[in-house]
*Asks:* 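Got a structure for you, questions after.
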Amino acid sequence: MPANHAMMTINEFRECMSISRTRTYELIRSGELAAVKAGRRTLIRADAAQAWLDALPSVRPAGGR
């Protein structure tokens with residue numbers, strides 16, 4: 001996430017997370033990612049981005065148990 005940013009734009013979030021703009025809006029619509037409106041802009045709070053990351057499933061090593 002961008003250092004020292006309390007809020008991120010959609011483009012900042014998607015670039016940081018390497019996901020598409022469409023996927024970002026899907027996450028917001030589904031409630032998986034919290035966002036706020038500031039006028040016409042949609043912004044994502046840094047803590048909401050971190051919460052989304054923390055909720056992602058862990059990857060298990062191949063062949064691991």
Side-chain angles (χ1 to χ4, degrees):
M1 284 176 277
N4 301 322
H5 282 84
M7 303 287 260
M8 289 183 273
T9 65
I10 294 296
N11 281 336
E12 288 171 334
F13 177 80
R14 66 172 200 78
E15 288 174 10
C16 182
M17 302 302 170
S18 298
I19 62 174
S20 71
R21 184 175 184 270
T22 300
R23 180 66 179 135
T24 301
Y25 280 107
E26 286 173 352
L27 291 169
I28 293 168
R29 273 192 295 279
S30 72
E32 294 176 66
L33 177 64
V36 296
K37 294 293 279 188
R40 294 179 60 186
R41 297 178 71 190
T42 302
L43 300 171
I44 299 164
R45 291 180 17 184
D47 61 338
Q50 187 62 52
W52 176 77
L53 275 175
D54 292 343
L56 292 175
S58 297
V59 176
R60 294 182 191 214
R65 292 179 190 204

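It should be emphasised that the depicted structure is a prediction, and the values quoted were computed from it without experimental measurement.
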*Asks:* Is Ile28 reachable from Leu53 through a run of I, L, V, M, F, W or Y residues, each pair having side-chain heavy atoms under 4.5 Å apart?
*Replies:* yes
*Asks:* Partners of Glu26 by salt bridge (Lys or Arg N to Asp or Glu O under 4.0 Å), sequence neighbours excluded?
*Replies:* Arg23
*Asks:* Closest heavy-atom contact between Thr42 and Ala35?
*Replies:* CG2-CB, 3.9 Å
*Asks:* When rounded to the nearest 0.5 angstrom, what distance separates CD in Glu12 from CG in Leu43?
*Replies:* 8.5 Å
*Asks:* Can you get from Leu56 to Val59 by hopping between Ile, Leu, Val, Met, Phe, Trp and Tyr side chains that sit under 4.5 Å apart?
*Replies:* no
*Asks:* Between Met8 and Tyr25, is there shared hydrophobic-cluster membership here, with clusters defined by ILVMFWY side-chain heavy atoms closer than 4.5 Å?
*Replies:* yes
*Asks:* Would you compute the distance between atom CG of Leu27 and atom CD1 of Ile44 and round it to the nearest 0.5 angstrom?
*Replies:* 8.5 Å
*Asks:* To the nearest 0.5 angstrom, please state how far the CD1 atom of Ile10 sits from the CD atom of Glu15.
*Replies:* 11.5 Å
*Asks:* Considering all heavy atoms of both residues, which atom of Ala34 and which atom of Ala48 are nearest to each other, and what is their separation?
*Replies:* O-CB, 3.7 Å
*Asks:* What distance do Met7 atom CE and Arg41 atom CZ have between them, rounded to the nearest 0.5 Å?
*Replies:* 9.0 Å
